[in-house]
Amino acid sequence: MIAELEALAGFRADVREWCREHVPADWVARMTGASVDESLEFQRVWLAELREGGLAAPHWSSEWTGRDYSFEEEIVIAEEMARARAPRLDTFFVSLYHTYGLLMEAGTEAQRRRHLPAILDHGEIWCQGFSEPNAGSDLASLRTRAQRRGDVYVVNGQKVWSTYAMHARFCLLLARTDPAARKNRGISYFLLDMRTPGVEVRPIVDLGRRQEFCELFLVDVEIPVENRIGEENEGWRIANSTLSTERSTLLLMPAEQLRVAYWMLVDLARTTPGSGGRPAIEDVGVRRDLAGFHAEIANLRLLINRMLTQMIRAGGAGPESSIIKLYYSELLQRFTCYAAQLGGMKTQELAPLLGAAPYVSGVWEFDFLNSYTWTISAGTNEIQRNIISERVLGMPREPK
Amino acid sequence: MIAELEALAGFRADVREWCREHVPADWVARMTGASVDESLEFQRVWLAELREGGLAAPHWSSEWTGRDYSFEEEIVIAEEMARARAPRLDTFFVSLYHTYGLLMEAGTEAQRRRHLPAILDHGEIWCQGFSEPNAGSDLASLRTRAQRRGDVYVVNGQKVWSTYAMHARFCLLLARTDPAARKNRGISYFLLDMRTPGVEVRPIVDLGRRQEFCELFLVDVEIPVENRIGEENEGWRIANSTLSTERSTLLLMPAEQLRVAYWMLVDLARTTPGSGGRPAIEDVGVRRDLAGFHAEIANLRLLINRMLTQMIRAGGAGPESSIIKLYYSELLQRFTCYAAQLGGMKTQELAPLLGAAPYVSGVWEFDFLNSYTWTISAGTNEIQRNIISERVLGMPREPK
Amino acid sequence: MIHRTRTVDMDSEELRAAIRDVLDREATSERIRVVMDESKGHDAKLYALMAELGWTGLAIPEQYGGSGATLIELGVVLQELGRSLVSSSFEASVVLFGGALLLAGREDQRASFLPRIANGDLLASAALGGASGRCEVGSLALTVEPRGASLSLSGKLEYVPSADLSELVLVAARGPQGDTALVLVDPRHEAIEISPQPVFDPTRRFSRLVMHDHVVPRESMLGDFSNGEALRERLIELGAIALASDSMGGAGKVLESTIAFMKGREQFGRSIASFQALKHRCVDMMMRAEASAVSVEMALEAFSREAEEAPVAASEAKFYSCDSYVHVAKEGLQMHGGVGFTWEYDCHLYLKRALLNQALLGDSRWHRDRVADLVLGPATAL
Amino acid sequence: MIHRTRTVDMDSEELRAAIRDVLDREATSERIRVVMDESKGHDAKLYALMAELGWTGLAIPEQYGGSGATLIELGVVLQELGRSLVSSSFEASVVLFGGALLLAGREDQRASFLPRIANGDLLASAALGGASGRCEVGSLALTVEPRGASLSLSGKLEYVPSADLSELVLVAARGPQGDTALVLVDPRHEAIEISPQPVFDPTRRFSRLVMHDHVVPRESMLGDFSNGEALRERLIELGAIALASDSMGGAGKVLESTIAFMKGREQFGRSIASFQALKHRCVDMMMRAEASAVSVEMALEAFSREAEEAPVAASEAKFYSCDSYVHVAKEGLQMHGGVGFTWEYDCHLYLKRALLNQALLGDSRWHRDRVADLVLGPATAL
């Protein structure tokens with residue numbers, strides 16, 4: 001579809017071949033209902049496998065990976081991974097995307113050398129310490145304090161929604177260094193060693209009874225000054241500029257997975273009796289709904305293609321990625337809810353869950369519940385709508 | 001359904017009999033595409049007919065009508081008029097409801113004697129001069145000025161959305177008497193004789209190309225002091241307290257008409273070919289939609305019954321009437337839009353319109369377009385939602 | 001001494017207040033979580049209290065030890081149980097099993113079971129649907145064959161509510177003429193294989209029952225072959241109304257607690273309950289909850305006086321109220337933001353219960369099709 | 001001297017800007033209203049300008065006097081015409097009639113008509129559907145019978161676009177074997193009874209054509225009986241894509257003008273564009289408009305290269321873009337408040353056009369059913 005990718009047929013064939021050889025055929029069965037330790041181990045093995053194939057971090061520069069992929073090749077890799085239903089590297093998500101983006105943009109050479117190889121070669125896990133209990137969508141109102149005392153900052157406060165923090169070796173931390181400054185002016189950015197005394201991690205049990213998110217309690221935690229990123233009180237600007245990088249191809253994989261998931265829904269419709277007892281796929285109403293999802297899933301991919309094409313040609317993503325995230329997350333939620341409802345009592349049956357699953361695993365009720373991670377986290381969809389209405393549609397802010 | 005009405009079976013039979021004898025069987029055919037003058041004449045004749053039957057203003061006190069109906073009997077009359085598909089008295093709507101409510105609550109005995117018999121016996125038409133071009137939903141910010149000069153107020157300004165003002169003999173007018181006071185504190189309420197020099201009426205052409213709404217231009221219009229209602233600067237309070245009276249049974253007729261309209265939609269589904277060529281009523285998807293409307297229309301009537309029952313037992317309507325107006329208007333809009341779409345190209349054909357029609361006339365596309373009078377006028381549904389969220393759900397107002 | 005909740009001249013709203021008062025104390029979120037993590041998922045202590053307070057006997061005639069109220073009052077109990085996410089056999093024992101006896105039980109059956117239901121001593125259930133939990137008569141996966149003075153039952157039953165607690169289950173089985181029989185069986189009998197069917201909603205318990213040539217005396221039948229299918233349909237309506245009641249109660253609670261949460265939650269220097277977009281969505285939630293309430297009330301009333309419109313009203317209440325519950329629970333979870341995604345908050349429990357209610361005893365498509373057939377007449381060619 | 005709008009290396013967005021520049025001047029709301037009140041409802045002056053600028057010949061090969069661009073560029077014109085609510089025969093003449101010649105015209109037919117379409121001289125139309133404007137082949141209400149070297153046509157055609165302006169109409173007729181023929185007729189021929197079928201959308205004109213034993217030479221056929229139905233289906237897809245394009249253009253404009261209106265409208269001391277509930281709804285409108293845009297683009301592209309997925313893409317673009325247009329136009333009218341209800345503002349014109357687009361050439365149910373059949377295979381028992 002994207003004209004620029006047509007020339008990459010050979011490269012695509014190689015990636016496809018690699019996936020055919022390396023994506024473990026039985027991983028879904030093996031990992032369904034796996035323990036936390038088993039999942040973690042599997043993620044490490046899969047990271048190593050990808051690294052050997054040169055596919056663990058296609059967006060990283062060749063200095064760290066030895067491979068230099070064009071943006072077009074990155075797109076092809078993401079497409080093929082989705083097509084092969086490869087496991088997501090979700091345990092290393094912050095490490096591979098946020099930490100990399102941050103260090104390349106605002107880190108020192110020493111920080112890069114210390115951390116980037118450790119991520120890629122040893123699977124060092126990072127977490128994020130951004131959200132706080134009383135600063136959900138209103139991130140800039142965070143209260144965690146970092147006070148300079150000589151060569152260290154002493155940090156006190158509480159963080160929440162820190163994914164995989166119980167496994168993490170380091171944390172990307174935002175804390176307030178100037179309480180007198182306006183909300184987003186007095187914040188600094190730190191790398192926190194999770195083994196520092198005073199760091200306590202408590203997992204949060206989520207609605208699927210999994211433990212992926214954590215709370216962090218920070219009591220007199222000392223962070224050496226050299227682990228501050230950028231200047232003091234510049235944390236908000238740094239976080240904002242690095243948050244938006246590398247987002248563009250991240251939606252490709254879930255979007256491709258949704259295309260695969262469409263056929264899972266069709267299968268469900270074939271095997272579920274419809275209202276009159278005949279297979280649901282023969283029900284005119286169900287068929288129309290399936291036609292609607294077919295169109296909407298196609299549109300999602302087309303929207304992403306349009307964004308990627310623009311990035312290939314002009315560079316830099318605009319607000320399109322917010323729009324696509326909104327479109328994707330709501331489509332995913334409607335789609336999975338529809339499936340959960342279509343399957344009747346059968347889909348009400350409790351089923352063991354799958355770690356690192358595609359966002360549609362086929363355990364439909366779980367997939368639906370899980371879709372709220374997309375509509376709530378990283379800025380709720382309500383916040384996204386505010387932002388889009390103001391930045392894209394140019395509508396005025398609300399009076400305070 | 002309402003237990004209290006069961007005892008009124010005899011009364012109901014009488015009203016039904018009256019309707020059978022008096023509602024002109026051919027009025028829909030006769031009035032479809034009728035001219036403005038023909039419609040007006042028909043309204044006058046129908047008012048006279050109702051008056052003779054003692055049914056023109058069942059909510060008026062016996063002092064003016066010679067009839068003393070209980071609230072329960074009022075409900076029965078409204079139900080039976082709807083059932084008989086009787087014409088609405090929409091030309092006299094302001095006269096019969098707003099003027100009556102106002103004069104009974106805040107008028108002088110002289111004002112009542114002058115105006116109420118003129119309405120009932122001679123069909124005097126009233127209009128409302130509330131809205132202004134720059135004060136739509138934000139009515140309290142109106143700018144029309146009334147300055148006291150001796151025994152008169154001199155009024156200058158512009159009003160809009162004044163229904164049937166071109167036919168009206170009098171106008172219920174709100175104007176600002178104290179520009180220094182806070183928005184809703186400096187407003188007074190007047191009875192304006194439409195024949196006063198300086199009053200100019202310009203009809204607005206609506207989206208159905210009808211002329212029912214008007215603009216009023218007021219240039220140095222003199223209103224005698226005795227035509228002020230209540231005290232100076234008390235207009236806002238008076239308008240608010242009289243606006244809410246007599247609303248409760250007004251929704252009964254449209255709701256009953258929607259029940260009749262349901263069977264018109266079913267007829268449309270029987271006579272329109274569906275997607276596969278067979279009648280639409282055999283299409284499973286259409287059938288499910290029809291089942292949904294059947295339930296929602298039943299719910300509407302049940303919501304109204306619940307409100308009326310409470311009024312019979314405890315007196316006084318709460319915020320229920322806002323909720324019901326919201327529910328009704330959005331159901332009406334979805335229902336008529338659905339029908340317009342179901343009918344295919346056939347319903348796209350331009351058809352002559354019907355004055356004083358039920359809100360569902362069967363010219364579906366027109367009915368749909370016309371449904372916006374319900375969602376926009378007398379406080380848009382957006383304003384209704386604000387009000388309900390604050391007054392019923394107790395949610396805080398937005399900061400200004 | 002505990003006073004019975006209902007007195008003769010109490011109206012529905014007084015009854016509701018009395019019930020809510022008890023459940024607010026005895027069925028807190030903490031308590032619900034303890035019970036739902038137990039294998040039985042039935043709050044026996046609360047059930048005993050409910051019996052003592054007369055809730056289990058509310059709609060049972062006085063001659064059988066009940067209070068002689070109607071389904072309308074029983075509906076209030078169901079709404080409040082839904083509101084508090086109560087895990088219990090109430091719906092199975094009192095509504096379905098008790099309801100079946102009231103509709104078609106012989107005098108000896110009524111006399112032996114109704115007093116025990118009323119006093120909370122008898123837990124029982126009913127299995128009305130067929131394979132995959134479907135409701136159309138063709139889906140019944142249990143067959144019954146008369147054999148002299150006995151009946152032989154073979155096949156399976158799915159998603160039987162609270163069956164593992166039950167002394168008796170009323171099962172719907174397909175007869176030799178394609179007719180239907182409703183038969184009492186003892187699920188603990190050794191010839192019956194019973195296995196749990198856990199669902200996402202942790203507040204509910206279901207079992208699968210499998211039997212092969214399980215022989216019971218002919219007297220175990222409720223009604224006979226000639227009225228079995230009609231009775232099964234009435235019981236599906238009754239169950240549907242119970243689920244609609246549960247849904248309406250749940251939706252009302254989600255609305256309330258979401259608004260309470262929003263009022264206390266500050267973001268960007270103001271309570272999130274002051275954000276217009278959220279306010280408008282809350283009004284939509286409220287309208288659906290209000291409309292569900294009248295729809296359920298109508299169905300309860302129509303069913304209790306065996307009105308002609310009862311079948312339509314029951315199905316409409318089922319799909320409208322259950323669809324609304326799902327809508328409200330989805331919105332409620334979203335508006336809670338991050339904490340809505342946690343196990344700790346109740347949002348997910350309501351959403352899971354809403355989805356289960358929607359799927360049980362005929363999903364929304366099934367009930368809409370049923371309404372269409374009843375209101376419009378059957379489609380001639382489908 | 002007027003320069004042709006398109007040059008070889010102009011991309012779609014440059015083309016769009018050039019077209020919009022012209023229409024912003026020549027197809028103002030005032031002008032649209034003058035034209036729509038005329039009986040023909042066709043802006044002949046604008047049409048001549050469009051021809052001069054090369055829009056009518058954009059997708060016609062250079063050998064026939066066109067620019068040799070593709071349907072993708074033509075789609076841009078259609079989107080912009082939809083955006084400006086242009087009343088003209090463009091869709092009938094250029095898209096449907098011109099498209100039919102390009103798909104299946106004989107060389108002599110192409111040579112005699114395409115240059116005249118390109119230079120704006122020939123107005124023509126196509127009647128592809130049957131009774132009540134339906135699209136399935138069984139609905140065709142015109143029959144054709146070969147009679148030696150002639151064809152005899154009997155029956156009626158409904159909702160033929162711009163037929164009253166047309167010199168020629170390509171009509172779809174049912175053949176004796178249940179096959180389909182596409183035949184050129186002259187609607188002004190005395191044997192053809194032509195009567196207007198006015199619609200709510202005042203920017204469009206349709207006619208009903210009735211004929212009884214109207215005899216035309218066999219050469220009037222486009223293609224033959226063996227490929228007539230396939231061709232008719234391609235033309236329905238082409239027309240559907242044109243309507244989807246018109247809808248997408250209209251939706252984009254409604255979104256823009258609604259936001260502009262809101263920004264200038266003050267209530268309660270602030271611009272109504274600052275109200276959060278309205279902002280969120282505008283974002284929904286925008287998302288639908290954006291998704292329509294890519295959906296239409298995909299359909300144009302797939303159809304122009306005769307891709308395997310073109311039929312699905314065409315039907316998806318039709319229902320998605322038309323449904324979205326209706327949604328956006330409804331919201332736009334509501335957000336305009338009182339003035340949205342007036343004849344003076346354009347809100348109602350967009351809404352009426354949106355509803356008409358949705359109904360024309362297969363409504364959304366029809367196109368969804370078509371997609372389901374193509375993607376899922378036909379339902380075995382319906």
Side-chain angles (χ1 to χ4, degrees), chain B residues 131 133-141 160-161 183 204-211 213 271-278 280 283-286 333 337 340-351 363-366 368-370 372-373 375-377 380-383 385-386 389 398 400, chain D residues 129-139 158-159 197-202 204 206 265-270 272 275-278 281 323 326 330 333-345 347-349 351-352 355-356 358-370 382:
Chain B
S131 292
N134 291 308
S137 294
D138 182 15
L139 193 55
S141 71
V160 74
W161 312 125
K183 280 211 316 195
I204 296 168
V205 184
D206 75 15
L207 46 65
R209 227 161 186 172
R210 296 169 306 172
Q211 302 189 359
F213 300 112
T271 54
T272 303
S275 176
R278 311 244 345 133
D283 181 302
V284 170
V286 172
Q333 198 158 85
C337 186
Q341 293 169 323
L342 184 69
M345 282 305 296
K346 206 81 203 154
T347 43
Q348 288 299 310
E349 282 190 47
L350 192 63
V363 181
W364 297 106
E365 176 132 341
F366 168 74
F368 165 57
L369 293 167
N370 208 30
Y372 282 93
T373 53
T375 58
I376 289 175
S377 67
T380 62
N381 280 9
E382 288 72 27
I383 297 291
R385 279 194 162 72
N386 286 347
S389 67
E398 287 190 278
K400 295 266 171 149
Chain D
S132 308
R134 301 209 57 81
C135 284
E136 56 275 6
V137 63
S139 71
E158 288 201 297
Y159 312 111
Q197 289 189 297
V199 292
F200 273 97
D201 174 5
R204 301 276 185 70
F206 298 89
R265 174 85 176 154
E266 287 223 350
Q267 295 275 279
F268 305 101
R270 50 193 267 211
I272 65 168
F275 282 102
Q276 195 196 30
L278 304 184
R281 282 160 66 181
D323 290 357
V326 170
K330 280 163 82 169
L333 198 153
Q334 177 70 22
M335 290 191 194
H336 273 76
V339 299
F341 199 73
T342 64
W343 186 263
E344 180 190 348
Y345 277 70
C347 303
H348 69 105
L349 296 178
L351 183 50
K352 288 167 183 171
L355 285 164
L356 179 64
Q358 200 181 37
L360 277 168
L361 286 182
D363 66 7
S364 294
R365 273 185 208 92
W366 193 84
H367 282 284
R368 279 176 185 257
D369 288 348
R370 188 168 185 266
L382 281 181

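Computed from a prediction, not measured in an experiment: that's the story for all the values here. Throughout, protein chains are lettered first and strands after them, A, B, ... in sequence-line order, and every chain is numbered starting at 1.
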Is the shortest heavy-atom distance from the side chain of B:Glu398 to the side chain of D:Arg270 under 4.5 Å?
yes
Looking only at heavy atoms and a cut-off of under 4.5 Å, which of B:Val286, B:Thr373, B:Asn381, B:Asn386 has the most pairs with chain D?
B:Thr373
Once rounded to the nearest 0.5 Å, what's the spacing between atom CG of D:Leu360 and atom CE of B:Met345?
4.5 Å
Contact class of D:Val339 relative to chain B, heavy atoms under 4.5 angstrom
both
Kindly indicate whether the side chain of B:Glu382, heavy atoms from C-beta on, has any atom under 4.5 Å from the side chain of D:Gln334.
yes
Heavy-atom contact with chain D under 4.5 Å, split by part of B:Thr375
both
Heavy-atom pairs under 4.5 Å with chain B, option from D:Glu158, D:Lys352, D:Met335 with the top count
D:Lys352
Nearest heavy-atom neighbours spanning B:Pro133 and D:Arg265:
O-NH1, 2.7 Å
How far apart are the closest heavy atoms of B:Asn134 and D:Gln267, and which atoms are they?
O-NE2, 3.6 Å
Closest non-hydrogen atom pair, D:Ala359 against B:Gly344:
CB-C, 4.1 Å
What distance do D:Asp323 atom CG and B:Gln341 atom CD have between them, rounded to the nearest 0.5 Å?
7.0 Å
Greatest number of heavy atom pairs closer than 4.5 Å to chain B - which of D:Phe275, D:Tyr345, D:Phe268:
D:Phe268
Just wondering, do B:Val205 and D:Glu344 contact through their side chains at under 4.5 Å, heavy atoms?
no
Looking at chain B, which one of D:Leu333, D:Asp363, D:Asp369 has the largest number of heavy-atom pairs inside 4.5 Å, strictly under?
D:Leu333
Between B:Glu349 and D:Phe200 the two heavy atoms that sit nearest each other are O-CE1, 3.3 Å
State the OG1-CG distance between B:Thr380 and D:Leu278, to the nearest 0.5 angstrom.
8.0 Å
Side chains of D:Leu351 and B:Leu207: does their closest heavy-atom pair fall under 4.5 Å?
no
Relative to chain B, which segment of D:Arg281 carries a heavy atom at a distance below 4.5 Å: side chain, backbone, both, or neither?
side chain
What part of D:Ser139 lies closer than 4.5 angstrom to a heavy atom of chain B: side chain, backbone, both or neither?
neither
What part of B:Ile383 gets within 4.5 angstrom of chain D, counting heavy atoms only: side chain, backbone, both, or neither?
side chain
Assert top hit (heavy-atom pairs under 4.5 Å, partner chain B, pool D:Gly338, D:Gly340, D:Gly138, D:Ser132) equals D:Gly338
Identify the heavy atoms of D:Glu136 and B:Gly274 that sit nearest to each other, and give their distance.
OE2-O, 4.3 Å
Non-hydrogen atoms of B:Leu369 and D:Phe341 that approach each other most closely:
O-CE1, 3.4 Å
With a 4.5 angstrom heavy-atom cut-off, which part of D:Arg365 approaches chain B: side chain, backbone, both or neither?
both
Is any side-chain heavy atom of D:His336 closer than 4.5 Å to a side-chain heavy atom of B:Tyr372?
no
Go through the atoms of B:Thr347 and report whether side chain, backbone, both or neither lie under 4.5 Å from a heavy atom of chain D.
backbone
Looking at NZ of B:Lys346 and CZ of D:Arg134, how far apart are the two atoms once the value is rounded to the nearest 0.5 Å?
13.0 Å
